[in-house]
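Working notes for the structure below.
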Amino acid sequence: MRKLVLLALVGLGAQLVDGSLGMAYGVTSTTLLLAIGTNPAAASATVHLAEIGTTLVSGASHWRFGNVDWPVVLKIGIPGAAGAFAGATFLSGLSTETAAPVMAIILLTLGVYILVRFTAFGLRRDQLGKPLRKRFLGPLGVVAGFVDATGGGGWGPVGTPAILASGRLEPRKTVGSIDTSEFLIAVAASLGFLVGIGSEDIDFGWVAALLAGGVIAAPIAAWLVRHVPPRVLGSAVGGIIILTNTRSLLRSDWIDAPDGVRYAFYAVIYAIWGAALAYSIRRHLAEREAERPEPGGAPAATVTGDTPPEPDKAAAPSA
């Protein structure tokens, strides 16, 4: 019972982050399942079955708050479903000894990307309003779907930063559209795992616990996306993912590092993570201060990162 409660709390916390940042439910939940010794394919299958419910509720909540761009959902979601089914059948064919370190490497890479992307660059907003084309979203969906199924998470870490980096869709609609389209990925991946490994290795009690926590958090997260600083949250989540999966990799049969080596790695990661969080918080506070109007009523000059640039005066016709 205690394990089910813990899984429900993990599902709740992971969905709060996922719904407000557009990533990390699958990565966080799968990382925990691997840490307690779950078969990699079964861990990913468990998470994706739970995500069928959480993404459905999350998508509906984002739609109610006006956070969804439906053309983007379809253009990225359908190719993503194909990639997820292929990734699930691929992972199902790997042995546990091979799959566990491979999954840890994928999750570790995604964690590094999240930490660096949000800490160093924030969010780009200078291309807002330009259309996102199918030739960009289609391949992105296939890759993100495949990584999501093989890594137990990755739809958000691959898809959300790529769309944010384009600067063509405002952050809240990027998060809402990625979360909504993930329903298609969860269904396709779950079908792939059921075909590949069947249902005997899946603990449906664990699925229900993750689902319960995620369903409770989904509406709250859809509201939080308007208020939580993505830069700080991205740095926090990236550090957690890096630390946990470094631990899994160092303890795997591939490396089996001694205690001294592992603790040295952990110390370095904690130091980098702390510095990244401190930098993200400072940058967020500086950018928020720069957005405040000056005493005369004119807005202060904006800075790069999470804040939008000044309007292009040349593009605006004179009165």
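Here the structure is a predicted model, which is why all the values come from computation and not from measurement. In what follows, every heavy atom counts, from backbone to side chain, and hydrogens, waters and symmetry copies are set aside.
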Evaluation steps, side-chain contact (heavy atoms from CB on, under 4.5 Å), between T55 and T180: CA-CA 6 Å; T55 55; T180 303; over 6 Å; no

Polar side-chain atom of T89 near backbone of A86 as donor-acceptor pair, under 3.5 Å: yes

Linked, directly or transitively: F146 and L108 (ILVMFWY side chains, under 4.5 Å): yes

Heavy-atom pair with the smallest gap, counting every atom of A149 and G87: CB-C, 3.7 Å

Spacing of S181 atom OG and F183 atom CZ [to the nearest 0.5 Å]: 11.5 Å

Side-chain touch L49/F193, heavy atoms, less than 4.5 angstrom: no

Main-chain N/O of V73 paired to S177 side chain as donor or acceptor, under 3.5 Å: no

Residue pair T109 / Y113, side-chain heavy-atom distance below 4.5 Å: no

Check: D179 main-chain N/O paired with S58 side-chain donor or acceptor under 3.5 Å: no

Distance in Å, D148 CG paired with T150 OG1, rounded so as to fall on 0.5 Å steps: 8.0 Å

Considering all heavy atoms, the nearest A189-A88 contact: O-CB, 3.5 Å

Gap separating the CD atom of E51 from the CD atom of E182, nearest 0.5 angstrom: 4.5 Å

Note, I76 side chain near I178 side chain (heavy atom, < 4.5 Å): yes

Shared hydrophobic cluster, V142 / I78 (ILVMFWY, side-chain heavy atoms < 4.5 Å): no

Intermediate values then yes/no, side-chain contact (heavy atoms from CB on, under 4.5 Å), T246 and R262: CA-CA 9 Å; T246 297; R262 294 205 309 270; over 6 Å; no

Distance-minimising heavy-atom pair for F85 and L191: CE1-C, 4.0 Å

F136, CZ atom: more than 12 neighbouring heavy atoms under 6.0 Å: yes

Same cluster (ILVMFWY, side-chain, under 4.5 Å), I105 and L91: yes

Nearest atoms (heavy-atom pairs only) where A188 meets A84: CB-CB, 4.3 Å

Heavy atoms of other groups near Y266 OH, more than 12 under 6.0 Å: yes

Check: T119 side chain, V116 main-chain N or O, donor-acceptor pair, under 3.5 Å: no

Side-chain donor or acceptor of R231 paired with backbone N/O of S280 under 3.5 Å: no

Hydrophobic cluster identity match, F204 and I52, side-chain contacts under 4.5 Å: yes

V261 side chain near P258 side chain, heavy-atom distance below 4.5 Å: yes

From CA spacing to verdict: side-chain contact (heavy atoms from CB on, under 4.5 Å), I163, L137: CA-CA 9 Å; I163 295 178; L137 293 175; 4.1 Å; yes

Check: W155 side chain, I185 main-chain N or O, donor-acceptor pair, under 3.5 Å: no

Straight-line distance of T46 OG1 to L211 CG, nearest 0.5 Å: 12.0 Å

W273 side chain near I242 side chain, heavy-atom distance below 4.5 Å: no

Linked, directly or transitively: I255 and V112 (ILVMFWY side chains, under 4.5 Å): yes

